[in-house]
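Here is the structure we will look at, set down as structure tokens.
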2 protein chains.
Amino acid sequence: MAKFKLDETDHQILDMLIENTRTPFTDIAKKLLISAGTVHVRVKKMEEAGIIIGSSLTLDYKKLGYAFIAYVGVFLKNTSQTKFVLERINEIPFVTVAHVTTGKFNVFCKIRAKNTQHAKDIIFLLDDIEGVYRTETMISLEESINDKKRLMHSIFKDM
Amino acid sequence: MAKFKLDETDHQILDMLIENTRTPFTDIAKKLLISAGTVHVRVKKMEEAGIIIGSSLTLDYKKLGYAFIAYVGVFLKNTSQTKFVLERINEIPFVTVAHVTTGKFNVFCKIRAKNTQHAKDIIFLLDDIEGVYRTETMISLEESINDKKRLMHSIFKDM
DNA sequence: GGTGAAAGCACCGAGTT
DNA sequence: AACTCGGTGCTTTCACC
């Protein structure tokens, strides 16, 4: 998990691909005044190094009828059950991320649901897991995302 | 924000593109036994409908030296300041998402940092925002992601 | 590590069923 | 709606710098 060295050109390539994975390498090449072959080689190297894990579509879950987001803090009866509970949590659909955390909760997860009714069903599944003492739900009323591009800019500035 | 109707073919196209945005349409066509032109038309329609918002790279932040994830619950002095505080939060680099929530916290955000020292700096910035009463941090010790593909399968099954 | 050219494909629109 | 087909343009490799 060592820090990998990327130069300014790599940053700019990532920058354009983060915005749109399908940006033609020829476009990137034109903008950076390098050849398309070079873009290709550099992307391949970043893939091989594992910096670029993959690419994915960004979908509008609201339009798909899944506008409900909530965070659920999970309290365990005993921390020794963490691994078991985490496995059970990962079997529940609509739980999009789960974290083992320090602080208030033992496990902390994010769920995406159709509506409150649907969210209730998911939370009940969480509550029913053996080893779960109780849960605490925080419903998201408004989401504001700091896009990846900004995060990457912050990271690049820091390197 | 109405629910949009997608058929089985659309599901399968999304499924392949979610896994790898650059999957050639010809490959998708071969697998689904339709023509590449059809794949093209359907993707375009989903883009026009706003279902597909865009595409992005998945990067290994650990390899970039950003292995630290924490969730920070923010308590406000007064909920009328929510909008102002949210704007200030969005100006802080390395805060990747912020939610206005019901429940324990007023605002809830996720941060990505290099290490504990760096995280401390970010949290201090949050604490210093005018209107913030106090914050509560939960450090992620272990992350387990339910990939998009599984979420989409759950969504498709439900439609 | 970069280039430029060339071969091989993919994309995508037009016209057809 | 989906297909075929063809022009255009993208990707990817390779010999050379």
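To find a chain, count down the sequence lines: A is the first, B the second, and so on, and within it residues start at 1. Note that this is a predicted model, so its numbers are computed, not measured.
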(message) Taking transitive links into account, so neighbours of neighbours count too, which hydrophobic residues share a cluster with B:V97 at under 4.5 Å side-chain distance?
(response) A:I145
(message) Suppose we screen for ring-ring contact (aromatic ring centres under 6.0 Å, His included). Which residues come up paired with B:Y133, at least two apart in sequence or across chains?
(response) none
(message) Test of understanding: with ring-ring contact (aromatic ring centres under 6.0 Å, His included), list the residues that count as partners of A:H153, not counting sequence neighbours.
(response) none
(message) Using a 4.0 Å cut-off to any heavy atom of chain B, which nucleotides of DNA chain C are the first and last in contact, reading 5' to 3'?
(response) C:dA10 to C:dG13
(request) Return the residues of residues 35-46 of chain A meeting this criterion: a heavy atom under 4.0 Å from some atom of DNA chain C. Order them by number, or give none. (result) A:S35, A:T38, A:R42, A:K45
Distances under 3.5 Å between protein N/O atoms and the N/O atoms of nucleotides 6-10 of chain D, please, pair by pair.
residue, atom, partner, partner atom, Å
D:dC10, O5', A:T26, OG1, 3.4

Side-chain donor/acceptor pairs under 3.5 Å, residues 67-86 of chain B, sequence neighbours excluded:
residue, atom, partner, partner atom, Å
B:Y71, OH, A:H99, NE2, 2.8
B:N78, OD1, B:S80, N, 2.9
B:N78, OD1, B:S80, OG, 2.9
B:Q81, OE1, B:N78, N, 3.1
B:T82, OG1, B:T79, O, 2.4
B:K83, NZ, B:E87, OE2, 3.1

(request) Could I get the full list of ring-ring contact (aromatic ring centres under 6.0 Å, His included) partners for B:F94, not counting sequence neighbours? (result) B:Y66, B:H118
(message) Test your reading of the model: is there a side-chain donor-acceptor pair from A:T21 to the backbone of B:S56, 3.5 Å cut-off?
(response) yes
(message) Applying salt bridge (charged side-chain N to carboxylate O under 4.0 Å, His left out), can you list everything that pairs with A:D128, at least two apart in sequence or on another chain?
(response) none
(request) Please list all pairs passing the salt bridge (charged side-chain N to carboxylate O under 4.0 Å, His left out) test where one or both residues lie in residues 33-43 of chain B, with sequence neighbours left out. (result) B:D7-B:R42, B:D10-B:R42
(message) Quick check on the helix from C:dG1-D:dC17 to C:dT17-D:dA1: what's the angle between its two end axes, five base pairs per end, to the nearest 10°?
(response) 30°
(message) Applying side chain to side chain contact (heavy atoms under 4.5 Å, CB included), can you list everything that pairs with B:E8, at least two apart in sequence or on another chain?
(response) B:H11, B:Q12
(request) For A:I13 and A:T9, run side chain to side chain contact (heavy atoms under 4.5 Å, CB included): C-alpha distance rounded to whole Å, both residues' side-chain angles, the deciding distance at 0.1 Å, then the answer. (result) CA-CA 6 Å; A:I13 292 171; A:T9 307; 4.1 Å; yes
(request) May I ask you to check whether B:N20 and A:S55 show a side-chain donor-acceptor distance below 3.5 Å? (result) yes
(message) Working to the nearest 0.5 angstrom, can you tell me the gap between B:K31 NZ and B:T23 OG1?
(response) 9.5 Å
